Student: 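Got a structure here, written out as structure tokens. Questions coming.
Atom set for the values below is all heavy atoms of this structure, side chains included, hydrogens, waters and symmetry mates excluded. Note on naming: letters A, B, ... go to the chains in the order of the sequence lines (proteins, then strands), and numbering restarts at 1 for each one. It should be emphasised that the depicted structure is a prediction, and the values quoted were computed from it without experimental measurement.
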Protein chains: 2
Amino acid sequence: MNVTLRQLRVFTAVYRTRSITRAAGELGITQSAASLLIQQLEAQLGVKLFDRSTRSVQPTLAADEAFAAAERMLSDAQGLSRRMRDLAQARAGRVAFLASAGTASALLPMVLAKFRASHPDIEIDMRDVAADDLVPRLSATDAEFAIGSVEGEFADITVETLTSGRLSAIGRRTADFAARRSLTWDELAQWPTIAMRSETRIRMQIDQALSAQGKRLDPTYEVTLINTALAMTAQGLGLAILPATMLPADQFPTLIARPLVRPALTRPVSLLQRQGRTLSPAAQAFVATARTVLAGRTTPPSG
Amino acid sequence: MNVTLRQLRVFTAVYRTRSITRAAGELGITQSAASLLIQQLEAQLGVKLFDRSTRSVQPTLAADEAFAAAERMLSDAQGLSRRMRDLAQARAGRVAFLASAGTASALLPMVLAKFRASHPDIEIDMRDVAADDLVPRLSATDAEFAIGSVEGEFADITVETLTSGRLSAIGRRTADFAARRSLTWDELAQWPTIAMRSETRIRMQIDQALSAQGKRLDPTYEVTLINTALAMTAQGLGLAILPATMLPADQFPTLIARPLVRPALTRPVSLLQRQGRTLSPAAQAFVATARTVLAGRTTPPSG
DNA sequence: TCAATTCATGAGCTTTCCCTATGAATGTCA
DNA sequence: TGACATTCATAGGGAAAGCTCATGAATTGA
């Protein structure tokens, strides 16, 4: 047998109270159990810890030394329990995840804000990467999950759609634009347009879908960042071609989105997880927040 | 139930080996026992520690954190065991004890030397105090025992005589002195004498015994320290009146002791211990050394 | 598809653990 | 001084746990 924490618990109690009976009472065990545990510990360590008579229990010098070590171990044990409980309840910890550049800038800020409000002590490590890097990075780094738009299936990675935004024209609430329920891609020609650069995933999806129908987007401006597009749109430079989900209403109150049809394209925002890996409680809480926040933003499939 | 060290041992082994089977083998238990222990620990902490399939055992983030704490506790436990074992075997530790001034200067140095040779890592805290203070200090301080000459009995303190020296005249190996087997107190008048001051315990014992017989010591010199008396004697200033045990033969090779008779007085050197208090292993070792060293110096009761 | 490996689970046995009861020692108070 | 009270140690028995063995399920590699 080996030293046990139970023995140490009794030991420290006896050391402090200088009484086996009192220590036993403190710990909710009988005096005989406490007496036995002390004897075991002494046998284990090969050292007399208390000079005891029926009248007094005096710690030896060895006990003085052992006490410090025992207290440390017990407080370590308690600290471990507490820390794990905090982790379990997502009151502490860290969430490391990946986000595609677009999602990170347009969609996740509000998730982050809400999550931080409810879980102020959790450290957040969001790494924005190119959409193509999501899957390889998720497999290789310590990120627990990834959020972004991906297509296809991947070994060992589960993909779940959190929200899905229809590709829309986003513009100022002007009379002629606001009046429309939707626009066709062809009708876009009437306005100046602001689209993402050809290298971006969003743009590639658009170009591919349009060219399948013999059409083609011919934007007035091309930008790299979603926010740039929105800011330009707010200035009245044109209509931004983006998934509706990418428009933060609170940040750009003057802008509205109108779905583009013929073809109607949707861009999913997915949650990627490594299969067979449990998310940390903190990550689970974050994902839950993301789910609720983003679910409210899903564009209905028809309309 | 609470977290146990056994659980933590299995946990760290699994964490390191990333396999329940291997960890179980390491610890000499069956795979099922290890599996169970891990499940218990998870339940206890409320946290998933490993993502396990039949093929792999992956630590979670919580496990990463727990591992550090667990390792610390286990090494603390091992350190405690080792330290206690060292104490038990008197390979480490501290001996704090009291010694009367005379004993400390004349008798204990050789004990200290021998003890230090056999127990080099034990810290020695010898406090020399007035003989009258031995008992009160022993009760009040953290000294484990005391060595010195005391008379009478004391509550809660056991007294054991380690050696006993007959009061003797100590002088240089001159023809007339060396020829004597013993001297009477009356014969002392033929030589100049060096005695301890009246305030010292030794002197008080002498004066008391002599005056009971209507005699009286009339020393040429009176000193406070035994070593002073011996040094003066070595210079040929006279005969030192001291217990024979107080003469370190190696330090004063020119000096010899001749017992004083009519009356023959002996002065015990005793070991004082608090009743019901175990000596630390280190102290036990020291006392054992003192016993053997001093036993060799006991003046035979007649001669 | 089969064999091999690995983790989880259930049954049963062994060991440990803890409580009750009692004994022994010591201090207290009349 | 003697009865009483308190405290620690120990013995016995029953409950709980811990462990092993056997088996099942899942997954990998030949």
Side-chain angles (χ1 to χ4, degrees), chain A residues 1-44 47-60 63 139 154-158 274-278, chain B residues 1-44 47-60 63 139 154-158 274-278:
Chain A
M1 259 309 257
N2 233 316
V3 173
T4 68
L5 288 176
R6 157 178 267 96
Q7 288 165 359
L8 294 182
R9 250 183 281 276
V10 175
F11 166 65
T12 56
V14 172
Y15 185 91
R16 272 187 279 98
T17 61
R18 281 167 172 49
S19 155
I20 293 183
T21 304
R22 274 195 295 279
E26 233 176 56
L27 300 174
I29 60 175
T30 58
Q31 168 267 323
S32 60
S35 175
L36 238 34
L37 258 342
I38 293 293
Q39 289 175 55
Q40 281 175 14
L41 184 60
E42 286 183 330
Q44 225 99 130
V47 172
K48 197 137 191 281
L49 293 170
F50 298 102
D51 278 321
R52 29 199 197 286
S53 70
T54 55
R55 254 323 97 162
S56 80
V57 177
Q58 273 296 322
T60 62
S139 303
F154 310 92
D156 297 330
I157 289 187
T158 62
R274 276 177 290 202
Q275 207 148 29
R277 293 295 214 93
T278 323
Chain B
M1 258 310 255
N2 234 315
V3 173
T4 69
L5 289 176
R6 156 177 271 97
Q7 289 166 358
L8 295 182
R9 251 182 281 277
V10 175
F11 165 65
T12 56
V14 172
Y15 185 91
R16 272 187 279 99
T17 61
R18 282 172 171 43
S19 156
I20 294 184
T21 303
R22 273 195 297 278
E26 232 176 56
L27 300 174
I29 59 176
T30 59
Q31 168 267 323
S32 59
S35 176
L36 239 34
L37 257 345
I38 293 292
Q39 289 175 54
Q40 282 174 14
L41 184 60
E42 287 183 330
Q44 224 97 135
V47 173
K48 196 137 191 283
L49 293 170
F50 298 102
D51 277 323
R52 31 200 198 284
S53 71
T54 56
R55 251 327 93 161
S56 81
V57 178
Q58 273 295 324
T60 62
S139 303
F154 309 92
D156 297 328
I157 288 187
T158 62
R274 277 178 289 201
Q275 208 148 28
R277 293 295 215 93
T278 322

Student: Rounding to a whole Å, what distance do you find between B:Asn2:CG and C:dC17:C1'?
Tutor: 16 Å
Student: Do B:Ser35 and B:Gln39 have side-chain N/O donor and acceptor atoms under 3.5 Å apart?
Tutor: yes
Student: Taking atom C1' of C:dC17 as reference, at what distance in whole Å does atom CZ of A:Arg9 sit?
Tutor: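 After rounding, the gap between these two atoms is 15 Å.
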Student: NA contact type, A:Arg55, heavy-atom cut-off 4.0 Å: base, sugar-phosphate, or nothing?
Tutor: base
Student: Taking C-beta and beyond as the side chain, do B:Arg18 and B:Pro59 meet within less than 4.5 Å on heavy atoms?
Tutor: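 Yes, close enough: below the 4.5 Å cut-off.
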Student: Which sits closer to the 5' end of DNA chain D, B:Thr30 or A:Arg52, going by the nucleotide each is nearest to?
Tutor: A:Arg52
Student: Is it the case that B:Thr30 and B:Ser32 place a side-chain donor and acceptor less than 3.5 Å from each other?
Tutor: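 Result is yes, a qualifying pair exists.
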Student: In whole angstroms, how far is the C1' atom of C:dG10 from the CD atom of B:Gln39?
Tutor: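 Roughly 12 Å, once rounded to whole Å.
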Student: Just checking B:Ala33: base, sugar-phosphate only, or nothing, at a heavy-atom cut-off of under 4.0 Å?
Tutor: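 Since a base atom lies under 4.0 Å of B:Ala33, the category is base.
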Student: What is the distance, rounded to the nearest whole Å, between atom CD1 of B:Ile29 and atom P of C:dC7?
Tutor: 13 Å
Student: Round to the nearest Å and state the distance from A:Ile20 atom CD1 to D:dC8 atom P.
Tutor: 5 Å
Student: Less than 4.0 angstrom between a side-chain N/O of B:Ser35 and OP1 or OP2 of C:dA8, yes or no?
Tutor: yes
Student: When you measure from the side-chain N and O atoms of B:Thr21 to the phosphate of C:dT5, is any distance below 4.0 Å, counting only OP1 and OP2?
Tutor: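 No, because none of the side-chain N or O atoms of B:Thr21 sits under 4.0 Å from OP1 or OP2 of C:dT5.
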Student: 5'-most contact on DNA chain C: A:Gln40 or A:Thr54, nearest heavy atom basis?
Tutor: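 First, find each residue's nearest nucleotide; the 5'-ward one identifies A:Gln40.
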Student: Kindly indicate whether the side chain of B:Ile29, heavy atoms from C-beta on, has any atom under 4.5 Å from the side chain of B:Val10.
Tutor: yes
Student: Mind calculating the distance between CG (A:Leu37) and P (C:dC18) to the nearest angstrom?
Tutor: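 Atom-to-atom, A:Leu37 to C:dC18, this comes out as 6 Å.
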Student: Is the side chain of B:Glu42 donor-acceptor paired with the backbone N or O of B:Leu49 at a distance under 3.5 Å, no angle test?
Tutor: yes
Student: Would you say A:Arg6 reaches C:dC18's phosphate, i.e. side-chain N/O to OP1/OP2 under 4.0 Å?
Tutor: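 Checking C:dC18 against A:Arg6, a side-chain N or O does come within under 4.0 Å of OP1 or OP2.
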Student: Given atom CD of B:Gln31 and atom P of D:dC21, what is their separation to the nearest angstrom?
Tutor: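 Checked: the CD to P distance equals 12 Å.
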Student: OP1, OP2 of D:dT7 versus side-chain N and O of A:Ser56: anything below 4.0 Å?
Tutor: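 A:Ser56 to D:dT7 OP1/OP2: no side-chain N or O under 4.0 Å.
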Student: Would you kindly give the CG-to-P distance between B:Asp51 and D:dA26, to the nearest whole Å?
Tutor: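 Taking atom P of D:dA26 as the reference, CG of B:Asp51 is at 17 Å.
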